[in-house]
Amino acid sequence: MTTTPPRLLVLGGGTAGTMVANKVHKVLPDWDVTLVDRDDVHDYQPGYLFMPFGMNTPEQVRRSKRRFIDPATRIVTGEVDRVDADGRRVVLEDGTVLDYDHLVIASGTTPRPDQTPGMLGEGWHKSVNEFYTFEGSLALRDNLAAFEGGRLVVHITELPFKCPVAPLEFTFLADDWLRQHGLRERTELVFVTPLDGAFTKPVASRELGHALEERHVTVETDFMVESVDQEAKVLRSYDEREVPYDLLVTVPLNMGADFVERSGLGDELNYVTVDKHTMQYLPQGDRPAHPEIFALGDAANLPTSKAGSVAHFSVEVFIDNLVQLAHGRPMTHSFDGHANCFVESGHGKALLLDFNYETEPLTGTFPVPGVGPLRLLKESRFNHLSKLAFRHIYWNALLPGRPLGLKPQMSMAGKHPEGPPAAMSASMREE
Amino acid sequence: MPTTTISGRTLEVNEEGFLVHPDDWTEDLGVELARLIGIEMTEAHWVPIRFLRTDHAAMGETPTLRRVSTQTGIDVKTLFGLFPKKPAKKMAYVAGLPKPKGCV
Ligand SMILES: Cc1cc2nc3c(=O)[nH]c(=O)nc-3n(C[C@H](O)[C@H](O)[C@H](O)COP(=O)(O)OP(=O)(O)OC[C@H]3O[C@@H](n4cnc5c(N)ncnc54)[C@H](O)[C@@H]3O)c2cc1C
């Protein structure tokens with residue numbers, strides 16, 4: 001008697017999808033794995049932050065997707081149109097139908113400047129910039145090179161967005177870059193955020209807030225942008241504040257893939273609703289259950305950072321659970337929301353944040369308690385060199401699915417917990 | 001945890017004054033909480049507040065401003081008019097819920 005091997009279909013061949021395909025072949029070699037993506041371009045997205053400052057070249061961040069995917073995977077090039085969850089099949093825009101037994105949605109998140117009135121105007125990629133796409137980052141490199149001083153405004157549209165520290169890093173790097181080019185004195189550097197501080201988590205917000213202060217960055221908080229007026233060169237908020245700019249660097253609203261919405265699997269930003277410990281699809285309201293669907297990486301609505309490190313740690317947990325499912329056992333591995341992010345702070349230094357669902361980023365050392373060598377939430381040269389070196393680790397170890405020696409679960413060893421933050425109640429009742 | 005006394009009831013609140021136990025909340029308390037931050041509740045205010053309460057009960061978390069807007073059909077500008085400056089935070093405060101997570 002022959003049995004057909006289980007069919008795993010992966011939507012998206014970025015960080016998470018590539019790792020899933022490669023790891024499944026290692027642990028479940030008889031499985032039939034198909035991966036769909038719209039193109040064959042794999043970018044190392046953290047490099048988008050460095051390109052505007054000439055710290056990474058375009059060639060360093062761009063590779064072919066196929067090169068990194070286990071050849072035992074069937075690769076289909078096409079645009080996903082929708083998931084027919086009840087029929088257990090996926091339909092592509094060209095009409096191709098792909099049946100599956102298990103589905104992994106790893107279609108990421110993308111910047112959507114079209115969602116903010118006025119953002120996509122004449123000045124798009126000229127006076128209104130972003131560094132969340134390859135093209136945007138390249139254009140910003142050129143626009144920065146032509147910048148002669150004035151108001152450089154770094155702006156966040158709305159949360160969540162991928163790599164939540166990236167706009168802060170951009171600000172720190174811009175400060176450094178402007179100094180090196182003799183432009184800092186002639187530039188007002190402004191950081192505009194919908195949050196009530198530099199960052200979401202209290203200890204990190206305090207430390208990063210200090211870093212902005214030290215660099216004389218003006219911070220405009222609680223700013224919910226309503227529109228961009230490119231004629232007047234101002235950002236307008238819902239509460240009628242205006243922030244003028246000469247050069248705007250915005251992080252547009254980030255949204256999951258539209259097919260997630262069309263398939264009835266998403267929340268209001270098209271993120272697949274999942275159980276935060278297993279990444280298994282968790283239907284909202286009265287939608288039907290589909291335990292055979294999982295979402296990994298930025299595509300899922302996990303309440304932690306949308307970051308490569310989260311994709312990595314959560315894929316490891318998922319693979320362990322998939323092996324159990326394959327053997328008809330219950331899933332016992334649980335993802336804790338672990339994220340591990342380097343924060344470039346300029347002047348050849350960086351900080352490191354390490355946190356999960358329960359514990360905010362704290363000060364201390366990582367990964368060896370009391371020793372490091374990496375210092376948490378404190379600037380060091382070693383952190384910076386590690387961040388730069390990560391590009392090689394990404395291409396050569398992470399994507400191929402080689403073990404990095406980091407446990408998916410966060411550890412409290414070497415960290416310095418703090419008491420609750422000081423009273424902030426006044427902030428809400430000010431008017 | 002600090003406590004506060006509103007309308008003769010002693011309630012547990014966090015450092016920012018948000019109720020710790022959503023079950024302590026009643027509509028009368030909502031009126032008082034709103035008054036504390038300078039808001040006079042009208043029917044227009046109640047629509048999003050009631051949505052926050054039912055959505056929190058169903059989903060286990062406070063909805064974001066975007067979610068309130070898409071689910072109730074009230075545009076963001078109007079929510080800013082009803083709960084000036086910080087609608088997401090203020091609505092959560094009045095509804096006796098934790099402030100929405102600024103998801104990292
Ligand atoms: C500027 C910047 C800096 C960053 N810095 C860091 C950092 O320092 N550290 C860190 O950990 N993370 C960082 N990140 C985040 C990290 O790059 C992402 O979190 C990670 O790539 C997410 O992986 P993913 O597989 O979920 O999505 P992606 O890698 O984006 O892959 C999604 C894939 O799905 C495909 N796809 C989408 N929709 C469809 C469709 N309809 N049909 C077919 N294919 C589709 C896309 O083509 C793409 O290949 C940064 C990101 C940016 C933008």
Side-chain angles (χ1 to χ4, degrees), chain A residues 115 158-161 163-165 193-197 199-202 204-205 221-226 237-241 253 255 267-269 271 273 282 284-286 301-307 310 337 339 341 353 355 357 360-361 419-431, chain B residues 1-4 12-20 33-39 51 54-95 98-104:
Chain A
Q115 300 289 312
E158 196 174 315
L159 276 82
F161 58 94
C163 198
V165 289
T193 171
L195 293 171
D196 56 11
F199 197 57
T200 48
K201 313 261 183 169
S205 185
T221 57
D222 294 297
F223 191 95
M224 281 285 292
V225 71
E226 184 176 13
S237 69
Y238 281 106
D239 57 355
E240 277 144 30
R241 278 181 285 162
L253 180 69
M255 287 176 81
D267 67 9
E268 52 285 343
L269 286 169
Y271 295 123
T273 53
L282 189 70
Q284 272 195 344
D286 50 11
N301 76 332
L302 296 179
T304 184
S305 284
K306 294 199 178 297
V310 170
C341 302
L353 302 184
F355 57 97
Y357 294 141
E360 61 165 320
M424 291 185 284
S425 49
S427 72
M428 207 178 58
R429 267 161 263 181
E430 88 284 64
E431 68 273 3
Chain B
M1 283 285 174
T3 56
T4 187
E12 235 180 292
V13 294
N14 73 4
E15 308 83 30
E16 291 186 85
F18 286 70
L19 291 197
V20 172
L33 288 166
R35 196 166 288 154
L36 283 172
I37 55 170
I39 291 170
F51 170 74
T54 46
D55 199 55
H56 178 270
M59 301 293 171
E61 58 185 69
T62 308
T64 59
L65 190 61
R66 173 172 292 271
R67 182 167 170 85
V68 177
S69 173
T70 52
Q71 297 288 311
T72 60
I74 307 170
D75 61 35
V76 174
K77 189 88 183 166
T78 307
L79 293 171
F80 265 88
L82 293 168
F83 301 91
K85 304 268 188 213
K86 301 178 183 186
K89 243 177 149 179
K90 287 185 175 174
M91 287 191 297
Y93 178 82
V94 172
K99 71 174 174 183
K101 282 196 212 85
C103 299
V104 284

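These values consider heavy atoms only, across backbone and side chains, with no hydrogens, waters or symmetry-generated copies. Throughout, protein chains are lettered first and strands after them, A, B, ... in sequence-line order, and every chain is numbered starting at 1. Treat the numbers as computed from the prediction; the structure is a model and nothing was measured.
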Legend entry - Contacting moiety of B:L65, where chain A heavy atoms sit under 4.5 Å: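 For B:L65, the side chain is the part near chain A, not the backbone.
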Inset, instruction - For side chain to side chain contact (heavy atoms under 4.5 Å, CB included), just list the numbers for A:D196 and B:K99, CA-CA rounded to whole Å, side-chain angles, deciding distance to a tenth of an Å, and then say yes or no. - result: CA-CA 12 Å; A:D196 56 11; B:K99 71 174 174 183; 3.7 Å; yes
Inset, instruction - Test A:E158 against B:T64 for side chain to side chain contact (heavy atoms under 4.5 Å, CB included), laying out the working first. - result: CA-CA 11 Å; A:E158 196 174 315; B:T64 59; 5.9 Å; no
Legend entry - salt bridge (charged side-chain N to carboxylate O under 4.0 Å, His left out) between A:D222 and B:K89, intermediate numbers included: CA-CA 10 Å; A:D222 294 297; B:K89 243 177 149 179; 5.7 Å; no
Inset, instruction - Would you check if A:D267 and B:M59 make a side-chain contact, meaning some heavy-atom pair closer than 4.5 Å? - result: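 Side-chain contact under 4.5 Å: no.
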Inset, instruction - State, with a plain yes or no, whether a side-chain heavy atom of A:E240 is found less than 4.5 Å away from one of B:K77. - result: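 With C-beta onward as the side chain, the pair touches.
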Legend entry - Interchain contact, A:L253 with chain B, by part (heavy-atom threshold 4.5 Å):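 The side chain, not the backbone.
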Inset, instruction - Please identify each residue that fulfils ring pair (Phe, Tyr, Trp, His ring centres under 6.0 Å) with A:Y238, with sequence neighbours left out. - result: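 Listed in chain order: B:F80.
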